[in-house]
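This report refers to the structure that appears directly beneath it.
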Amino acid sequence: MMLSDPIFTTLDPDQRRAVLHDGGPLLLVAGAGSGKTRAIVARIVRLLRDGVPARSILGITFTNRAAGEMRERVAKALVPDGDPSAGDAVARSFPGTSRAAHVPWLGTFHAFGAILLRRHGDRIGLSRRFVIYDTRDQHDVLKRILKDLNVDEKKFPPAKFGWLIERAKRDGVSVEQAALSAGWRVVTTAGQVGKAYDDALAEAGAVDFTDLIRLPVTLLRGAPDVLAAVRSEVRHLLVDEFQDVDGAQAELTELLAQGADSFCAVGDEDQSIYGWRGASAAPMLSFEGRHPGSKVIHLSTNYRSRAAILSVAGALIAKNRSRREKKITPAREGGERPSMSVYADQEAEAQEVAAAVAREIRAGVAPTEIAVFYRVNAQSRAVEDALRMLRIPYVLRGALSFYERAAVRDAVSYLKWFLHPDDAVSLKRLLKFPRRGVGEVTLEKSRAAARREGIPPSGALSRIPNLAPLFSFRALWLAELPQMSPAEALHALLSGAGYLDALEASAREPGEGREGAGREEDLEHVRELLRVAEAFTGEGEDGLLEFLEKVTLAAEEAGVEESKAVRLMTLHNAKGLEFDVVFLVGLEDGLLPHSRSVDSPHEIEEERRLFYVGLTRARERVFLSLVRRRNLFGSYRDTVPSRFLYDLPASLVRRTDGALPESPPGRGLFGGAGPGHRVTVHREPRYEEENPSARPRKVRHPVFGEGQVESVQGEGKDQKIIARFPVYGLKKILVRAVEMEFLD
DNA sequence: CCCCCGTCAGCTGGT
DNA sequence: CTGACGGGGG
């Protein structure tokens, strides 16, 4: 064993045990910042050094980005002194067939599922050319179905049915069952919609995201020879972010793990933040029970965050009840306490954040090491405006990704339809631009005719006169396809079909201002898509399918990541990343926790984990903030501070907002009493309203500061006090919900 | 069939 | 305030 390699010598004892563990299944419980990726990479390298062929190692990650990062690090470890770009080249080659043979396959569940289905999908009646429908495509399909079935779209929007269908697939139950367990009243209708949806996808030769997991499970269960073939290939399995697998992903993992020489699952239940899409930490928590002879190793040293940050994060997450108590030791002592600021509205907040970002940059922090996190995408706007004002470059992660842009989707729909002319959703999209005089009515007639005659939809479509040019060009294009690279094929297709010309003409068109400018941008996006295609090397249909898959499954921004830009993203997007400086904005009830989560203790805990994830991304500094009024749908609404702020011990947080009364040292700024001070904190008021002279005239609210009590309403559990605060004005406060100090 | 315009509802989160 | 949808005229 070549343990002299720096990749092994720099490991701590726990990481080393995880890297060297052989034999039974291994659960690696890796807290935030504990060097998880380093351990996984070292484990892969260790396997390779032991002589395991790269192709027999399968590493599943949560995002394509995480896979890319890991691939790069593995490549670098294997060729440490090589051309620095060599690692990049290897990293970029995925998922090309040309990928370097010495780096294992690393990718998402969805990408892996797609590969299995391309290879063996014919066994369950799936065309090799199947297209992948994303959420938008799915909603388009459902919209048509709901119309056909006369379901009121207002009461039952397509998204709801999409959610239900996906849930059914994840849990491996019928749509009716899913509807029942979700408490729906329209169970029969749900079943009909589910059936129609399946038919529509089958007719279009399409699969949705969840199919990419569920169908492989069905396939491997039903075809022992395929299962054996896959198992003979996948000898070593690693699954990252195991706390966030959904039911179908857990089943797929089991199927692979049972036949493997080694299986290593890595996760941290405190970072499980995808419960809303069916993820559950249950497979992780029951790991030992389900895998006799398995081993559990904890990585409990945090190498990332300063102790001052970690103690706040630790105090926060300790409030969650459904978790295993664990000890996390900071490797980096000291540091600044996270700061907490209150601003008038989100514009003020954004301006102060932008100003602070500017200060950090002036002080020498790299812009790429600064991130702003928020709960919902809509919050990015104010921050963007403020950063633009100060001319600070920024990049958004995740929001509306490159591949979701209208023009890119248009171009991709051409590609999808040319490869699969039965794909109704793509056809409908591409017919929007340029106009070809074929609309919904004509399509519906054609569809009906195809059903009547029992021919594929495309058979009837080809008889539509206005589509004839498209079909004849498609025949030409298909004949040329085997000789063309993905980029050539895409370009030939878009220009031959008249799309590029129409787009250019429309971009040149003067006068319309907004229209013209928009098209200009569209053209740029399509050119960028063509550039992305350049990176794909395969020839003919295979290369193109690979490109298409990448485009459909990649949520990431295409093109170069700006190397000098501040990062803006949602808390969900922040998972797995780290930054020197982190800003966490909009810490208000309704946003964090989100209003749609507040009714369920379970979901509130998930929101708390989201906050925890945000805090633990920071290495050096954290800035927390909230606003007093928030603009929603055009009007301002008063806010309530996030209930999670009351979980943070006052002594650990630095209050920076001068406009509010400064809290005395050690006093309970956020509800907790510091050492050395005796502060009476009441959950119940210590007075009766019948005796007004006994009631306190002043209260100290954890966030609003000191205020004058004006009146008291209700009794017992529902008792509220109405008090006036210096900055916030009049506030009604539910006594049992807030730890307040009552002063006289 | 297409385009324009008025009305109305809407903002979790992501592969 | 923004985007989606439906109705009516071209």
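Residue numbering restarts at 1 for every chain, and letters A, B, ... go by the order of the sequence lines. Remember, predicted model here, so these are calculated numbers, not experimental data.
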* Structure fact -> Note: for A:Val441 and A:Arg375 on DNA chain B, the residue whose nearest nucleotide lies more 5' is A:Val441
* **Upstream residue (5' side of DNA chain B) when A:His594 and A:Arg436 are each assigned their closest nucleotide** => A:Arg436
Euclidean distance, atom [atom1] of residue [X] to atom [atom2] of [N] [Å, nearest integer]:
X: A:Arg136; N: C:dA4; atom1: CZ; atom2: C1'; answer: 12 Å
X: A:Asp240; N: B:dT15; atom1: CG; atom2: C1'; answer: 15 Å
X: A:Ile273; N: B:dG14; atom1: CD1; atom2: P; answer: 9 Å
X: A:Asp589; N: B:dC11; atom1: CG; atom2: C1'; answer: 17 Å
X: A:Asp140; N: C:dA4; atom1: CG; atom2: C1'; answer: 12 Å
X: A:Lys160; N: B:dA9; atom1: NZ; atom2: P; answer: 16 Å
X: A:Ile132; N: B:dG14; atom1: CD1; atom2: P; answer: 19 Å
X: A:Asn631; N: C:dC1; atom1: CG; atom2: P; answer: 9 Å

* Kindly check if the number of other-residue, nucleotide or ligand heavy atoms within 6.0 Å of CZ (A:Arg381) is above 12? => no
* Has the side chain of A:Thr135 got a donor or acceptor atom sitting under 3.5 Å from an opposite partner on the base of B:dT15? -> yes
* Going by ring centres under 5.5 Å and near-parallel planes (under 30°), is A:Trp276 stacked on B:dG13? -> yes
* Report yes if the ring of A:His110 lies under 5.5 Å from the six-membered base ring of B:dT15 with planes under 30°, and no otherwise. => no
* **Donor + acceptor pair across side chains of A:Arg388, A:Tyr394 (<3.5 Å)** => yes
Of the listed nucleotides ([options]), which one gets closest to any side-chain atom of [X]?
X: A:Thr442; options: B:dC1, B:dC2, B:dT15; value: B:dC1
X: A:Thr108; options: B:dC3, B:dG13, B:dT15; value: B:dT15
X: A:Phe209; options: B:dC11, B:dT15, B:dC3; value: B:dT15

* **Rounded distance in Å between the P positions of C:dA4 and B:dG13** => 15 Å
Looking only at side-chain N and O atoms, does [X] come under 4.0 Å of OP1 or OP2 in [N]?
X: A:Arg65; N: B:dT15; answer: no
X: A:Arg596; N: B:dT12; answer: yes
X: A:Asn573; N: B:dG14; answer: yes
X: A:Asn466; N: B:dC1; answer: no

* To do: For A:Lys143, report the nucleic acid contact type (base, sugar-phosphate, nothing); a contact means any heavy atom under 4.0 Å.
  => sugar-phosphate
* Select base, sugar-phosphate, or nothing to describe what A:Phe109 touches, counting heavy atoms under 4.0 Å on all strands. => nothing
* Verify, without hydrogens or angle tests, whether A:Asp345 (side chain) and A:Glu347 (backbone) share a donor-acceptor contact under 3.5 angstrom. => yes
* To do: May I ask you to check whether A:Phe62 and A:Tyr274 place their ring centres under 6.0 Å from each other?
  => yes
* Asked: Looking at the rings of A:Trp276 and A:His572, which for Trp means the six-membered one, are their centres under 6.0 Å apart?
  -> yes
* **Among A:Gln346, A:Arg375, A:Arg630, side-chain hydrogen bond (donor to acceptor under 3.5 Å, both in side chains) partner for A:Glu588** => A:Arg630
